[in-house]
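Values reported hereafter were calculated over all heavy atoms of this structure, with side chains retained and with hydrogens, waters and symmetry mates removed.
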Amino acid sequence: MLIDALLLQLGYNATLVAIGATLLGISAGVTGTFLFLRKRALVSDAISHATLPGVCIAFLLMASFGGDGRNLIGLLLGSAASASVGLWCLNWLTRNTRLAEDAAIGSVLSVFFGFGIVLLTVIQTLGVGRQAGLEGFLLGSTAGMLWTDAMVIAVGGAVTLLLILLIRRPMTLVAFDPEYAAARGLPVSKIDMAMMGLVMAVTVVGLKIVGLILIVALLIIPAVTARFWTERSDYVVLLAGLAGGLSAYIGAAMSASAPNLPTGPIIVLMSFALFLFSLLFAPNRGVLAAVLRHFRFQRRVHLRQGLLALAQGQPIYEKLTLRLLRNGGLVRADGVATDKGKARAAKALRDERRWAVVRSDQAHEAAAALYDGLRQIESVLTQDQITEIDRQIGGPKEVLA
């Protein structure tokens, strides 16, 4: 069943949902990357919650004029208007009051969402026709999605993605260093508003599939996922779009393969699964890589300390140190140093004495700052500098063990 869903073989409606969700996931991942890099992730939460009053007011207006209150285009226009007001309020509070941005976000989010819940309750008590299911905009609802609905979502996601591609360079510069962008003459405030406008567009388009509560996850989680895999901003944008599209596609397919699985929450859970995989297995920033680096560092420290102990004739009691020395062929089973071990130990002790000279000489201040007890001195000083230091400390001494 799941294979059929992934191959778009479960019918017309399931195919529409999968394609629309994939385009939405790609545009949300790419858009959220700039928000994440700008360190304004919670702004998307305020924008998404600010859409609810607009949805309710648009429904009431369309129903009062005898139209279909659940017309998707009308509801999305209403949510866009409401989100714009919420975004304006957020910017006004941030710029004209002493409120920090997080406090302003909390204020806008709670007031607009509370107002929307009141309107939603009023709608449910009015007996207006066809209001059932309007609360699906909270968590998303794809049941009975029409071709026009899917086209609105797909076209909206594609247009948003195209706009991002057109202004990605100034947005990247503002996201990383707004002061430098301003020094170069870029209108930082306008670019910020454009960025927020794109976030608002993705939020509005995604209401039908993911819902206003969960859309923030689709905006931020793919960007965080991509950040584990690369240091380059352009690659982060591409990987975030890929992660968002993949999680949306698989989530929509899983939802279609089981009758009672909600599409929006499944998409978010798939996005989290990709995040968890990246958190654990990313090659540079993942948990497993960090654990392996720690173990390698620990082995280097034990080996270094073991060599210094051999050079000074000190007993070694640490089991890990002894095991590393034996595995490296540096000591015999009885703990006596081999010829190879004696040479390595003498070199380690001599390097320590060289470093002591370097750290006490202000002429080598830059090199001394690199000392960590493990770094090879040959990677810091030239051979002539090392020869001069050797003249000061004298010739090499024999290992005692």
Side-chain angles (χ1 to χ4, degrees), residues 2 6 18 21-48 101-102 105 139-140 157 161 164 168 171-172 175-176 195 198-199 202-203 206 209-255 257-258 261-301:
L2 179 59
L6 291 172
T22 302
L23 286 174
L24 172 66
I26 294 172
S27 58
V30 172
T31 306
T33 300
F34 297 100
L35 204 62
F36 167 69
L37 295 176
R38 189 72 171 92
K39 295 181 174 61
R40 303 187 72 184
L42 284 179
V43 172
S44 60
D45 208 14
I47 293 174
S48 63
E101 187 174 62
D102 56 348
I105 289 172
L139 297 175
L161 190 59
I164 292 170
R168 70 187 186 281
M171 284 200 304
T172 302
F176 275 105
M195 195 184 302
L198 290 171
V199 171
V202 171
T203 300
I209 292 181
V210 185
L212 63 90
I213 293 179
L214 297 177
I215 187 64
V216 62
L218 203 56
L219 281 164
I220 301 304
I221 294 179
V224 178
T225 300
R227 186 66 181 86
F228 279 107
W229 295 92
T230 181
E231 301 288 338
R232 293 187 54 177
S233 60
D234 50 349
Y235 290 168
V236 172
V237 172
L238 291 174
L239 289 175
L242 178 63
L246 185 62
S247 59
Y249 180 75
I250 297 176
M254 291 182 64
S255 175
S257 64
L261 288 179
T263 304
I266 293 298
I267 290 175
V268 172
L269 289 177
M270 286 306 306
S271 185
F272 174 74
L274 290 179
F275 163 78
L276 189 61
F277 177 82
S278 301
L279 173 67
L280 294 176
F281 300 112
N284 293 321
R285 301 167 65 91
V287 172
L288 181 60
V291 171
L292 292 176
R293 282 196 301 270
H294 171 74
F295 281 132
R296 286 195 293 266
F297 177 78
Q298 185 182 46
R299 290 166 67 90
R300 290 177 63 196
V301 170

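- Annotation: side chain of Leu37 is not in contact with side chain of Met171 (no heavy-atom distance under 4.5 Å).
- What you find for Gly29 and Pro222 is that their closest heavy atoms are CA-CB, 4.0 Å.
- Considering every non-hydrogen atom in both Ile105 and Ala46, the closest pair reads CG2-CB, 3.8 Å.
- Distance check: Leu276 CG to Ser271 OG gives 11.5 Å after rounding to the nearest 0.5 Å.
- Taking 4.5 Å as the limit, some side-chain heavy atom of Phe34 sits within range of a side-chain heavy atom of Ile164.
- Counting heavy atoms from C-beta outward, Phe275 and Phe228 have side chains that approach closer than 4.5 Å.
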Walk me through whether Glu101 and Val43 qualify under side chain to side chain contact (heavy atoms under 4.5 Å, CB included). CA-CA 9 Å; Glu101 187 174 62; Val43 172; 4.1 Å; yes
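- Within the model, atoms CD1 of Ile250 and CD1 of Ile266 stand 12.0 Å from one another, a figure rounded to the nearest 0.5 Å.
- Looking at Ser48, its side chain does come within 3.5 Å of a backbone N or O of Asp45 through a donor-acceptor pair.
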Applying side chain to side chain contact (heavy atoms under 4.5 Å, CB included), run through Val287 and Leu279 and close with a yes or a no. CA-CA 6 Å; Val287 172; Leu279 173 67; 4.0 Å; yes
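- Using a 4.5 Å heavy-atom cutoff, the side chains of Leu280 and Leu288 are not in contact.
- Listed here is the closest heavy atom pair of Leu35 and Ser44: CD2-CB, 3.5 Å.
- Minimum interatomic distance between Ala248 and Ala21 (heavy atoms only, all atoms of both residues): CB-O, 3.0 Å.
- To the nearest 0.5 Å, atom CD1 of residue Ile215 and atom CD1 of residue Ile220 are 10.0 Å apart.
- By the 4.5 Å heavy-atom criterion applied to side chains, Met270 and Leu274 are not counted as neighbours.
- Taking CZ from Arg296 and CZ from Arg293, the interatomic distance works out to 7.5 Å, rounded to the nearest 0.5 Å.
- Between Leu219 and Thr203 the shortest side-chain heavy-atom distance falls below 4.5 Å.
- Side-chain contact between Thr225 and Phe277 is absent, with no heavy-atom pair separated by less than 4.5 Å.
- For the residue pair Gly244 and Ser247, the shortest heavy atom distance occurs at O-OG, 3.0 Å.
- Closest heavy-atom contact between Ser233 and Thr172: OG-CG2, 3.6 Å.
- At least one donor-acceptor pair under 3.5 Å links the side chain of Thr22 to the backbone N or O of Ala18.
- Between Val202 and Leu24 there is a side-chain heavy-atom pair separated by less than 4.5 Å.
- Taking CG of Leu246 as the start and CD1 of Ile267 as the end, the distance is 11.5 Å to the nearest 0.5 Å.
- For Arg38, the side chain to side chain contact (heavy atoms under 4.5 Å, CB included) test picks out Arg40, Val174, Ala175, Pro178, Val188, Asp192, Met195, with sequence neighbours left out.
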